[in-house]
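One structure below.
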Amino acid sequence: MEEKKQIENEHLTKVYHTNHIVEAITVEKRCTGIAHYRKVSRRGYVNLETGEYIESKARASPIDIEKRFKKSCHELRRIINLNFTGHCSEKFLTLTYSGTMRDYKQVNLDFKRFWSRFRYSYPSCEYIRIIEPQANGSYHLHVLMKRMDRQGLFVPMKKLKQMWERGGVWIENLPFVDNFGAYFCPKFLKESTTSTDTVSKAHEKGTRIAFYPEHFRLYSCSRGIQKPVPVTMTYGKLKQIVGGTPPCYSHTTTIRDEQGSREILNSITYEQYILKGEKRHE
DNA sequence: ATGTAACCCATCGAAGATGG
DNA sequence: CCATCTTCGATGGGTTACAT
């Protein structure tokens, strides 16, 4: 049993406040100094203290890729929660291919073309775009679209189909959920590893992440989309912001030297609060 | 006029190492 | 897992050019 340590009110915590959702990340031993290594080229790093030069691994391991993916998902969730509230100026689009499309670059080109057309007719719109492989490895796109002048966004189906001629198009209102970020983030990692057939390779690794190319971007945003800015504050100040609301989710990770080691290097507590009252503004 | 594609470049996300 | 830093390649969008 891990004893639940109470965080001191004076302890510093990093807080993301994205509309009605508040996330607090509290690191027990906060990073003190500056990292010793500096990137000096594509693969090269130099230790500033010793002058030692090293080169990075040629290829990232599947574990590294999964970590990166999770990190991107976290950021994506926050961006969505900061920019989308369920207002009538917001819509959710899905763009698919009629055939199989496994060319990541081509998908980006196709979206670029779609966006240049869309922007012409709806110049006040901004987007968050997520590229996702389906179980068979064929890509499709999810787009959260938003009118910045806060007028209702209505796009005739006929027009949409003209702008995206590669396959199916869907446009919907945002669903009635508390956490849009969590709703729209890919959930590959939960997939079971029990594979059946042809798509073997990706499934053997237990995830569709394997379909992405090496330097993929899970999401991208147009410039008008706000980026979440964390604020470092005391834990007491955080409690003041959330009032009496208890965290709806909380998790502490302990970092050990190596697996099974008894010595704890650090611990990180993640908490999420959902504040009522500043929820949806229709 | 009206809609689309082609350039170019500032900006932004991904990479990747270590210490805690 | 988070923090921190730098480099590099991708890309968003303003502008121009080219259609219809």
Side-chain angles (χ1 to χ4, degrees), chain A residues 2 11-16 23-50 52-76 78-79 104-131 141 143 148 159 162-165 189 209 212-230 232 250-259 261 263-271:
Chain A
E2 301 265 349
H11 200 91
L12 290 176
T13 185
K14 194 169 86 169
V15 176
Y16 288 94
E23 286 174 278
I25 298 145
T26 314
V27 178
E28 193 189 337
K29 294 177 195 164
R30 307 185 78 246
C31 207
T32 49
I34 306 156
H36 294 160
Y37 281 83
R38 281 299 118 79
K39 189 170 191 164
V40 292
S41 66
R42 187 174 157 74
R43 305 225 119 92
Y45 291 83
V46 166
N47 186 325
L48 292 182
E49 295 192 326
T50 64
E52 178 200 12
Y53 175 84
I54 55 163
E55 292 209 333
S56 62
K57 287 179 288 185
R59 181 170 297 184
S61 72
I63 294 163
D64 291 334
I65 291 170
E66 192 175 308
K67 275 184 190 167
R68 259 177 250 143
F69 182 79
K70 281 184 180 170
K71 191 179 173 187
S72 300
C73 281
H74 273 127
E75 191 60 20
L76 174 59
R78 290 179 195 124
I79 295 173
Y104 174 88
K105 278 189 176 169
Q106 186 60 48
V107 178
N108 286 323
L109 284 174
D110 289 340
F111 180 78
K112 196 183 175 102
R113 185 163 56 189
F114 169 79
W115 176 240
S116 84
R117 292 170 174 174
F118 194 95
R119 198 178 35 180
Y120 185 81
S121 301
Y122 302 88
S124 66
C125 279
E126 301 286 345
Y127 70 81
I128 300 171
R129 180 208 73 169
I130 305 160
I131 179 165
L141 293 163
V143 186
M148 301 309 274
K159 195 159 183 156
Q162 279 168 12
M163 293 187 279
W164 178 260
E165 1 67 320
L189 300 172
I209 298 170
Y212 287 113
E214 203 179 345
H215 298 259
F216 72 95
R217 285 192 190 191
L218 171 65
Y219 67 91
S220 70
C221 310
S222 58
R223 240 168 244 172
I225 294 293
Q226 281 184 270
K227 297 297 153 63
V229 179
T232 301
S250 158
H251 178 256
T252 298
T253 317
T254 54
I255 312 302
R256 293 182 157 79
D257 210 342
E258 43 192 282
Q259 280 231 317
S261 167
E263 198 192 348
I264 295 173
L265 289 177
N266 206 346
S267 80
I268 298 143
T269 301
Y270 173 90
E271 294 171 310

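To find a chain, count down the sequence lines: A is the first, B the second, and so on, and within it residues start at 1.
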*asked:* Measure CE/A:Met148 against C1'/C:dG12 and give the value in whole Å, please.
replied: 15 Å
*Side chains of A:Ser267 and A:Thr254: do they bring a donor and an acceptor to under 3.5 Å?*
no
*asked:* Nearest whole Å is fine: how far is C:dA19 P from A:Arg113 CZ?
replied: 16 Å
*asked:* Side-chain N or O of A:Arg117 versus OP1/OP2 of B:dA5: is the shortest distance under 4.0 Å?
replied: yes
_Atom-pair distance (OH on A:Tyr104; C1' on B:dA14), nearest Å_ = 10 Å
*asked:* If you apply the rule side chain to side chain contact (heavy atoms under 4.5 Å, CB included), what do you find for A:Asn108 with A:Arg129, and how did you get there?
replied: CA-CA 10 Å; A:Asn108 286 323; A:Arg129 180 208 73 169; 3.0 Å; yes
*Any side-chain N or O of A:Ser72 under 4.0 Å from OP1/OP2 of B:dA14?*
yes
*The side chain of A:Val27 lies closest to which of these nucleotides: C:dC2, B:dT18, B:dG13?*
C:dC2
*If you pin A:Lys105 and A:Tyr270 to their nearest nucleotides in DNA chain C, which one's is more 5'?*
A:Tyr270
*Under 3.5 Å, is there a donor-acceptor pair between the side chain of A:His251 and the main chain of A:Ile268?*
no
*Send over the distance from A:Ile128 CD1 to C:dG12 P, rounded to a whole Å.*
13 Å
*A:Lys112 vs C:dA10: side-chain N/O to OP1/OP2 distance below 4.0 Å*: no
*Please tell me which of A:Ile255 and A:Lys159 maps to the more 5' nucleotide of DNA chain B, matching each residue to the nucleotide holding its nearest heavy atom.*
A:Lys159
_Could you check whether the side chain of A:Lys29 and the base of B:dG19 have a donor-acceptor pair of N or O atoms closer than 3.5 Å, going by distance alone?_
no
*DNA chain C: 5'-proximal contact among A:Lys39 and A:Ser220 (nearest heavy atom)*: A:Lys39
*asked:* Starting the side chain at C-beta, find the nucleotide from B:dG16, B:dG20, C:dA3 nearest to A:Ser56.
replied: B:dG16
*Side chain of A:Ser222 (C-beta onward), nearest among C:dC1, B:dA14, C:dG13*: C:dG13
_Length of the line joining A:His251:NE2 and C:dC2:C1', which is rounded to integer Å_ = 14 Å
_Counting the atoms with a prime plus P, OP1 and OP2 as sugar-phosphate, which does A:Ser116 contact under 4.0 Å by heavy atoms, base, sugar-phosphate, or nothing?_
nothing
*asked:* I'd like to know if the side chain of A:Thr232 reaches the main chain of A:Thr13, judged simply by a donor and an acceptor atom lying under 3.5 Å from each other, with no hydrogens or angles considered.
replied: no
*asked:* Any base atoms under 4.0 Å from A:Asn47, or only sugar-phosphate, or nothing? Heavy atoms, all strands.
replied: nothing
*Pick base, sugar-phosphate or nothing for A:Ile25, based on heavy-atom distances below 4.0 Å to the nucleic acid.*
sugar-phosphate
*Looking at every strand, decide which applies to A:Lys67 at a 4.0 Å heavy-atom threshold: base, sugar-phosphate, or nothing.*
nothing
*Closest nucleotide of DNA chain B for A:Leu218 versus for A:Glu55: which of these residues is on the 5' side?*
A:Leu218
*Reckon A:Tyr120 has a side-chain N or O less than 4.0 Å from the OP1 or OP2 of B:dG3?*
yes
*Gap between atoms CZ and C1', on A:Arg217 and B:dC12 respectively (whole Å)*: 6 Å
*Less than 3.5 Å between a donor and an acceptor, one on the side chain of A:Arg223 and one on the base of C:dG12, is that the case here?*
yes
*Can we call the ring centroids of A:Phe114 and A:Tyr127 under 6.0 Å apart?*
no
*So does A:Trp115 get a side-chain nitrogen or oxygen closer than 4.0 Å to the phosphate oxygens (OP1/OP2) of C:dG12?*
no
*Under 4.0 Å between any heavy atoms, over every strand shown, what does A:Arg119 touch: base, sugar-phosphate, or nothing? Just pick one.*
base
*Nearest of C:dG13, B:dA14, C:dC5 to any side-chain atom of A:Arg38?*
C:dC5
*Compare the minimum distances between each of B:dA17, B:dG20, C:dG13 and the side chain of A:Leu265, then state the nucleotide with the smallest one.*
B:dG20
_Tell me whether the side-chain N/O atoms of A:Asn108 come closer than 4.0 Å to OP1 or OP2 in C:dA10._
no
_Minimal non-hydrogen separation, A:Glu28 against A:His11, with atom names_ = O-CE1, 3.1 Å
*To the nearest angstrom, how far is A:Ile268 atom CD1 from C:dT4 atom P?*
13 Å
*Looking at A:Tyr127, does any N or O in its side chain come under 4.0 Å of the phosphate oxygens OP1/OP2 on C:dG12?*
yes
*Considering non-hydrogen atoms only, spot the tightest contact between A:Ser72 and A:Tyr219 and give its length.*
O-CE2, 3.6 Å
*Roughly, in whole Å, what's the span from CD in A:Glu126 to C1' in B:dC12?*
15 Å
